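Let me begin by presenting the structure, written as structure tokens, before commenting on it.
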Number of protein chains: 2
Amino acid sequence: MPVTLHDLAREVGVSIATVSRALSGAPGVAEETRQRVLAAARAAHYRPNVMAQRLQKQRTDTLGIIVPTSSTRFGDPFFGDFLAGVGDKAIEHEYDLLVSTRAPEADELHTYERMVRERRVDGLIVISTRPHDERILYLLEQNFPFVAFGRSDIDAEFPYLDVDGEYGMYHATRYLIALGHRRIAYISAPYTFMYSTHRLQGYRKALAEHNIPFDEQLIAIGDLRDRSGYNLTRDFLSRENPPSAIIACNDWMASGAIGAARDMGLTVGQDLSILGFDDVPLAQIVHPRLTTVHQPAYEAGWHICDMLIRLLRQETLEQRHVLLQPELIVRESCGPRATS
Amino acid sequence: MPVTLHDLAREVGVSIATVSRALSGAPGVAEETRQRVLAAARAAHYRPNVMAQRLQKQRTDTLGIIVPTSSTRFGDPFFGDFLAGVGDKAIEHEYDLLVSTRAPEADELHTYERMVRERRVDGLIVISTRPHDERILYLLEQNFPFVAFGRSDIDAEFPYLDVDGEYGMYHATRYLIALGHRRIAYISAPYTFMYSTHRLQGYRKALAEHNIPFDEQLIAIGDLRDRSGYNLTRDFLSRENPPSAIIACNDWMASGAIGAARDMGLTVGQDLSILGFDDVPLAQIVHPRLTTVHQPAYEAGWHICDMLIRLLRQETLEQRHVLLQPELIVRESCGPRATS
DNA sequence: AGTATAGATGAAAACGTTTACGATGTCAAG
DNA sequence: CTTGACATCGTAAACGTTTTCATCTATACT
């Protein structure tokens with residue numbers, strides 16, 4: 001039913017080859033003919049069949065991203081912003097964006113194979129990288145174009161963009177130290193995320209620089225949700241020698257920590273300092289407003305997508321490894337150590 | 001380079017038609033041949049070229065959803081959850097999910113045309129419906145399969161799933177009235193969203209039932225962000241006869257309202273009652289925890305996607321119009337009217 | 001006038017599938 | 001032995017493009 005090149009060709013009285021050339025702007029067609037074709041196309045509301053184009057061109061003009069919905073990550077506004085950045089960039093260059101949630105029961109690599117082997121997409125964006133990331137190893141092995149959001153510790157080079165978690169945590173920790181804190185608890189993200197390690201590094205580096213011994217007891221691992229921030233904070237605060245400050249690996253856990261402190265009768269920002277990571281909108285809503293490390297989610301998505309598109313177009317990337325330096329946003333949840 | 005049907009055919013010594021039949025499970029191929037083909041396919045790691053299949057079948061096996069990134073909606077975790085529900089359902093039935101952000105400068109309908117006329121997707125999910133929704137009119141006119149999240153006021157029937165905002169607001173308002181409140185301010189969403197009207201209806205209905213006159217002065221329109229909730233609340237509270245309760249059309253504005261009340265020295269839940277809508281994770285984090293109307297975002301996305309797939313498979317929908325009744329979640333942000 | 005050249009066009013192959021149709025072979029019933 | 005039914009398989013068309021190559025015409029040059 002929809003109008004095809006063939007229809008237009010018959011209409012105008014030329015061959016489909018000429019129509020194709022006229023519409024694509026290819027050289028080798030008389031200006032007068034081109035105008036006739038364009039007029040006919042407009043009149044008939046012609047639109048190309050993209051599937052036919054894709055089969056012919058052996059390109060899908062589609063980018064893919066696979067997100068685990070089971071994890072906490074999808075409901076996180078950080079992710080929504082990231083995706084918005086990716087999407088805006090993609091459409092700017094007329095790429096489609098295929099978002100696939102990972103079927104929970106299925107093997108994760110199976111989802112990647114589906115994308116790669118069945119040629120559903122031209123390139124992939126890999127998010128929340130992990131140590132020894134098998135997805136990256138697979139894509140490298142298949143020689144499939146991708147850009148990762150985050151680094152990994154595998155023994156191979158690949159293009160990525162990452163927010164420098166070590167840098168961010170280093171400065172956050174220094175900030176707390178400058179405020180007089182010495183016992184700073186740290187609520188980490190699970191070590192299955194590569195960034196956990198980096199951020200912890202920054203924390204340790206700042207401590208070391210100020211000759212504060214690293215205390216294993218002050219490290220806890222949360223699940224990124226506010227509930228675990230709450231529980232772990234209650235745990236920390238009920239010890240005999242409680243910390244005077246707590247750093248959480250994301251704003252949700254930090255917000256949970258604020259709730260715990262409040263429930264235990266402490267004034268956050270005075271009796272206890274709490275510092276987050278991400279700077280999601282929530283950070284400005286909780287009371288007191290959260291001092292945190294800002295991750296430019298939208299920009300990161302935008303930039304990664306840009307890198308991937310350049311990769312696909314064979315343009316040389318000026319930088320295959322981008323490390324963004326996050327900024328510490330000082331609000332009200334941290335203060336000088338209470339002199340008790 | 002990748003292996004095709006043709007390669008397999010040559011390998012096994014049969015025609016590509018037989019190979020195709022064997023792989024697809026179609027009848028008319030000897031069991032012994034089928035096994036040989038399957039073995040060869042496995043050995044060669046054969047995967048079909050989906051673009052070729054799509055061109056041939058005239059189906060894309062892809063669902064589309066278009067999201068405006070400029071609006072506040074994308075960063076909203078509500079939307080992330082919704083999308084997760086859609087994505088999980090889609091992959092369950094082996095559909096791809098195409099997520100397109102609307103190019104901000106471009107005409108919105110242009111994005112829909114791209115999807116429909118160029119046959120990028122088999123069906124669409126239309127979100128945040130509006131009064132006289134031109135997108136719906138367009139899809140109806142093109143006879144293109146879609147399911148809407150939300151109703152509209154246009155003069156035509158179409159399949160949708162909606163959360164009954166009138167029901168939700170009606171019960172929320174009744175709840176406040178039962179607590180003794182009479183002057184209940186209402187921070188609406190912009191009327192460009194269809195649900196704004198419904199929710200306001202529920203509010204008015206509850207008032208009318210209790211013979212409380214509707215006061216235009218108590219209605220304000222926010223932009224869904226916490227900032228506007230904050231500003232409008234300060235505005236309400238600085239009047240000579242301030243309301244004793246405030247309903248906001250989403251949790252973000254409600255959270256902003258909580259901040260404003262706090263800044264003005266009021267204790268939320270005692271001096272002032274605040275009620276939200278959506279029940280995003282934030283609602284449990286703010287202090288006091290927000291009494292709000294729960295919208296099942298994930299389930300809604302899941303269900304809508306299910307409806308769309310059934311539509312595409314020509315199965316008859318048991319219900320073309322689904323109205324979910326949201327539940328009031330009572331927490332701590334509302335209390336009896338202060339007897340001053 | 002003859003010929004080289006450039007520009008415009010069409011025929012046809014190709015992309016990798018699915019499927020309608022026809023051909024072949026086998027076997028049982030008449 | 002003939003006939004029909006059935007199972008199996010191959011041929012070829014189709015899906016709607018893009019692109020290579022050959023053809024044709026008109027112009028310009030010798």
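Within every chain, numbering begins at 1; the chains are lettered A, B, ... in the order of the sequence lines, protein sequences first and strands thereafter. Model, not experiment: these values are computed from the prediction.
Note on Tyr46(A): every side-chain N or O is 4.0 Å or more away from OP1 and OP2 of dG16(D).
For the pair Arg117(B) CZ and dG16(D) P, the interatomic distance rounds to 14 Å; values are reported in whole Å. Rounded to whole angstrom, the span from the NE2 atom of His6(B) across to the C1' atom of dG10(D) amounts to 13 Å. In this entry the distance linking CZ of Arg54(A) with P of dC15(C) reads 19 Å, nearest Å. Remark: C1' of dT8(D) and CD of Gln35(B) are 16 Å apart, rounded to the nearest angstrom. If you take CG of Leu55(A) and P of dC15(D), they are 14 Å apart, rounded to a whole angstrom. Nucleotide dT19(D) holds its C1' atom 14 Å from the CD atom of Gln53(A), rounded to whole Å. With rounding to whole Å, Asn49(B) atom CG is found 17 Å from dA14(C) atom P. Between the CZ atom of Arg47(A) and the P atom of dT17(D) there is a distance of 13 Å, given to the nearest Å.
Proximity of a side-chain donor or acceptor of Arg117(B) to a complementary backbone N or O of His45(A) within less than 3.5 Å is detected. With His321(A) contributing its side chain and Glu157(A) its backbone, the two residues share no donor-acceptor pair below 3.5 Å. Between the Thr18(B) side chain and the Ile16(B) main chain, no donor and acceptor come within less than 3.5 Å of each other.
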Could you walk me through whether Phe149(B) and Phe82(B) pass ring pair (Phe, Tyr, Trp, His ring centres under 6.0 Å), step by step? CA-CA 10 Å; Phe149(B) 181 36; Phe82(B) 180 84; 4.9 Å; yes
With side-chain hydrogen bond (donor to acceptor under 3.5 Å, both in side chains) as the test, would you mind laying out the steps for Asp88(A) and Tyr298(A) before giving the verdict? CA-CA 9 Å; Asp88(A) 282 353; Tyr298(A) 181 91; 2.5 Å; yes
Take Asp162(B) and Tyr195(B) through the side-chain hydrogen bond (donor to acceptor under 3.5 Å, both in side chains) test and state the conclusion after the steps. CA-CA 9 Å; Asp162(B) 201 358; Tyr195(B) 65 79; over 6 Å; no
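Only Ile16(B), Ala17(B), Ser20(B), Arg21(B), listed by number, bring a heavy atom of residues 10-34 of chain B to less than 4.0 angstrom from any atom of DNA chain C.
Of the candidate nucleotides dT18(D), dG16(C), dC15(D), dC15(D) has the atom lying nearest to any side-chain atom of Gln58(B).
Atom CZ of Arg313(A) sits about 10.5 Å away from atom CG of Leu308(A), to the nearest 0.5 Å.
When each of Arg36(B) and Thr4(A) is assigned the nucleotide of DNA chain D bearing its nearest heavy atom, the one mapping closer to the 5' terminus is Arg36(B).
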